[in-house]
Enquirer: 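Before we start, here is the structure in question, set down as structure tokens.
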Amino acid sequence: MNIALITARGGSKGLPGKNIYPLAGKPLIAWTINAAQHSGVFDKVVVSTDCENISDVAKEYGSEVIHRPSELATDTASSHVVIEHAIQYLGLANEDKVVLLQPTSPMRTAKDIVDALQVMDHNADCHCVISVYEPANTPAKAYKMTESGEISGLVSAEAPYTRRQDLPRCFQPNGAIYAFRVEHFKQENCIPKSGVFPFIMEESHSLDVDTLDDLLKIQSFFELNKA
């Protein structure tokens, strides 16, 4: 069984009501629900939320809803406990796949979801697929600060002075897709950190909604591309 799990709590401080804020003619969360539905790979599309308004919108767009306990909807509640709650609520088996789709990534498409699951299917050692992008300015050239206050290369002392093409490829997660089997989640009691393979997306499609400015940038992109 393949489950699309969309986590959407009600308490957003940066942009109140963010998950149902209007974006290009429909609520933000609807873009993720529709992408999951149109992918055609899921037995269930489920929204986990503590908010009645989000619940009503999710149902309007054809998603099932898990009513999340308030203690799992705080600023400090981790995504892992929310996923665990959903696994238990749905009675999922070890072989079932969960695809976590955050509603703040509306630029992720149905095709992205299909292609990400193919990464898992084509790699026998894959425990998890995470959507990422390759930034124009590679993190391999970044510095880290030591306890003494000095800085040194994050990857190696030589990396900041090395040609980009001679450095390892580095990626940033964009929060759009996390795909894993229930058994691997249970083994680590979290989204798997071993056997992780990337699904690479364009940086231009990786914007995550945290502020109104983010939302307006995506709105402009959708309007220019007639989404």
Side-chain angles (χ1 to χ4, degrees), residues 1-8 29-49 58 61-66 68 78-135 138-140 168-209:
M1 182 181 290
N2 291 346
I3 302 295
L5 177 61
I6 302 167
T7 54
I29 195 172
W31 291 92
T32 294
I33 293 172
N34 288 165
Q37 292 167 334
H38 294 158
S39 72
V41 297
F42 294 113
D43 299 284
K44 288 179 181 289
V45 177
V46 181
V47 170
S48 169
T49 186
Y61 281 87
S63 174
E64 297 185 28
V65 172
I66 295 174
R68 192 193 311 177
S78 71
S79 60
H80 302 136
V81 296
V82 175
I83 295 166
E84 183 179 23
H85 175 259
I87 289 171
Q88 292 175 352
Y89 183 96
L90 296 168
L92 300 183
N94 282 344
E95 64 271 17
D96 293 334
K97 293 177 186 173
V98 175
V99 182
L100 178 66
L101 303 171
Q102 299 188 113
T104 50
S105 298
M107 303 179 82
R108 169 237 304 109
T109 66
K111 185 178 185 302
D112 290 331
I113 295 169
V114 172
D115 291 347
L117 282 174
Q118 286 181 349
V119 172
M120 178 176 285
D121 292 339
H122 294 163
N123 292 280
D125 297 327
C126 181
H127 290 185
C128 182
V129 174
I130 293 177
S131 60
V132 299
Y133 67 93
E134 191 168 11
T138 175
R169 292 180 71 186
C170 292
F171 303 95
Q172 293 278 12
N174 64 9
I177 301 171
Y178 297 84
F180 47 88
R181 286 187 174 83
V182 170
E183 65 174 316
H184 296 133
F185 178 88
K186 288 181 176 178
Q187 285 170 4
E188 300 191 32
N189 202 28
C190 61
I191 294 173
K193 297 182 177 68
S194 59
V196 179
F197 284 71
F199 171 65
I200 304 171
M201 294 175 60
E202 295 291 333
E203 185 171 3
S204 61
H205 288 193
S206 295
L207 187 59
D208 177 76
V209 176

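Position 1 is the first residue of the sequence; numbering continues from there. In what follows, every heavy atom counts, from backbone to side chain, and hydrogens, waters and symmetry copies are set aside.
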Enquirer: Does any pair with a residue in residues 102-123 pass salt bridge (charged side-chain N to carboxylate O under 4.0 Å, His left out), and if so which ones, sequence neighbours excluded?
Expert: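 Applying salt bridge (charged side-chain N to carboxylate O under 4.0 Å, His left out) to every pair that reaches into residues 102-123, excluding sequence neighbours, yields Lys97-Asp121, Lys111-Asp115.
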
Enquirer: For Ala176 and Ser131, which heavy atoms make the closest approach, and how far apart are they?
Expert: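 Taking Ala176 first and Ser131 second, the nearest heavy atoms are N-OG, 3.3 Å.
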
Enquirer: Contact between His184 and Cys128 at the side-chain level, heavy atoms closer than 4.5 Å - yes or no?
Expert: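 No. Closest side-chain heavy atoms not under 4.5 Å.
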
Enquirer: In Å, rounded to the nearest 0.5 Å, how long is the span from CD of Gln118 to CD1 of Ile113?
Expert: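 That separation rounds to 12.5 Å.
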
Enquirer: Is any side-chain heavy atom of Phe180 closer than 4.5 Å to a side-chain heavy atom of Ile83?
Expert: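 Yes; the side chains approach each other to less than 4.5 Å.
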
Enquirer: Sequence neighbours left out, what pairs pass salt bridge (charged side-chain N to carboxylate O under 4.0 Å, His left out) with at least one residue falling in residues 168-178?
Expert: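 Passing the test, one end in residues 168-178: Glu134-Arg169.
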
Enquirer: Using a cut-off of 6.0 Å, state whether more than 12 heavy atoms not belonging to Asp125 lie near its atom CG.
Expert: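 No, CG of Asp125 has 12 or fewer neighbouring heavy atoms, counting only those of other groups under 6.0 Å.
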
Enquirer: From the options Ile87, Val45, Asp96, Leu92, select the one residue that forms a side chain to side chain contact (heavy atoms under 4.5 Å, CB included) with Ile3.
Expert: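 So the option named by the test is Leu92.
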
Enquirer: Please enumerate all residues that pass ring-ring contact (aromatic ring centres under 6.0 Å, His included) together with Tyr178, with sequence neighbours excluded.
Expert: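 Partners of Tyr178 under the ring-ring contact (aromatic ring centres under 6.0 Å, His included) test: none.
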
Enquirer: Please confirm whether the backbone N or O of Asp43 pairs with a side-chain atom of Asn2, one donor and one acceptor, at under 3.5 Å?
Expert: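 Between the backbone of Asp43 and the side chain of Asn2 there is no qualifying donor-acceptor contact (under 3.5 Å).
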
Enquirer: Ignoring hydrogens, what is the shortest heavy-atom contact between Pro135 and Cys170? Give both atom names and the distance.
Expert: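 So the two residues come closest at CD-O, 3.7 Å.
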
Enquirer: Taking Gln37 for the side chain and Tyr61 for the main chain, is one N or O donor matched with an acceptor at less than 3.5 Å?
Expert: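 Indeed, once roles are kept as given, a pair shorter than 3.5 Å links the two residues.
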
Enquirer: Going by the side-chain hydrogen bond (donor to acceptor under 3.5 Å, both in side chains) test, which pairs reach into residues 81-93, not counting sequence neighbours?
Expert: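 Passing the test, one end in residues 81-93: no pairs.
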
Enquirer: Does Asn174 use its side chain to pair, donor to acceptor, with the backbone of Tyr133 at less than 3.5 Å?
Expert: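 Checked: no pair found.
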
Enquirer: Going by the rule side-chain hydrogen bond (donor to acceptor under 3.5 Å, both in side chains), which residues pair with Ser194 if we only count those two or more places apart in sequence or in a different chain?
Expert: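 By the side-chain hydrogen bond (donor to acceptor under 3.5 Å, both in side chains) rule, Ser194 matches Glu188.
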
Enquirer: Going through the checks in order, is the side-chain contact (heavy atoms from CB on, under 4.5 Å) test met by Ile66 and Leu90?
Expert: CA-CA 9 Å; Ile66 295 174; Leu90 296 168; 4.1 Å; yes

Enquirer: Thr7: which residues meet the side-chain hydrogen bond (donor to acceptor under 3.5 Å, both in side chains) condition with it, sequence neighbours left out?
Expert: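 side-chain hydrogen bond (donor to acceptor under 3.5 Å, both in side chains) check on Thr7 returns nothing, list empty.
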
Enquirer: Taking CD in Glu202 as the centre, count heavy atoms belonging to other residues, nucleotides or ligands within less than 6.0 Å. Is the count above 12?
Expert: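 Counting neighbours around CD of Glu202, 12 or fewer heavy atoms of other residues, nucleotides or ligands fall under 6.0 Å, so no.
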
Enquirer: Which heavy-atom pair separates Ala58 from Ile33 by the least distance, and what is that distance?
Expert: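 What the structure gives for the nearest pair is CA-CD1, 3.8 Å.
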
Enquirer: Among Leu117, Leu5, Val129, find the one that has a side chain to side chain contact (heavy atoms under 4.5 Å, CB included) with Val99.
Expert: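 The single option meeting the side chain to side chain contact (heavy atoms under 4.5 Å, CB included) with Val99 is Leu117.
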
Enquirer: Taking all non-hydrogen atoms of both residues into account, name the closest pair between Val119 and Phe199 and its distance.
Expert: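 Distance-wise, the nearest heavy atoms are CG2-CD1, 4.4 Å.
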
Enquirer: Could you tell me which non-hydrogen atom of Ala4 sits nearest to which non-hydrogen atom of Phe42, and how far apart they are?
Expert: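 Ala4 and Phe42 have their closest heavy atoms at N-CD2, 3.4 Å.
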
Enquirer: Do you know which two heavy atoms are closest between Cys126 and Arg181, and how far apart they sit?
Expert: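 The answer is O-NH1, 4.4 Å.
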
Enquirer: Apply side-chain contact (heavy atoms from CB on, under 4.5 Å) to residues Ile177 and Leu100 and explain how you reach the verdict.
Expert: CA-CA 6 Å; Ile177 301 171; Leu100 178 66; over 6 Å; no

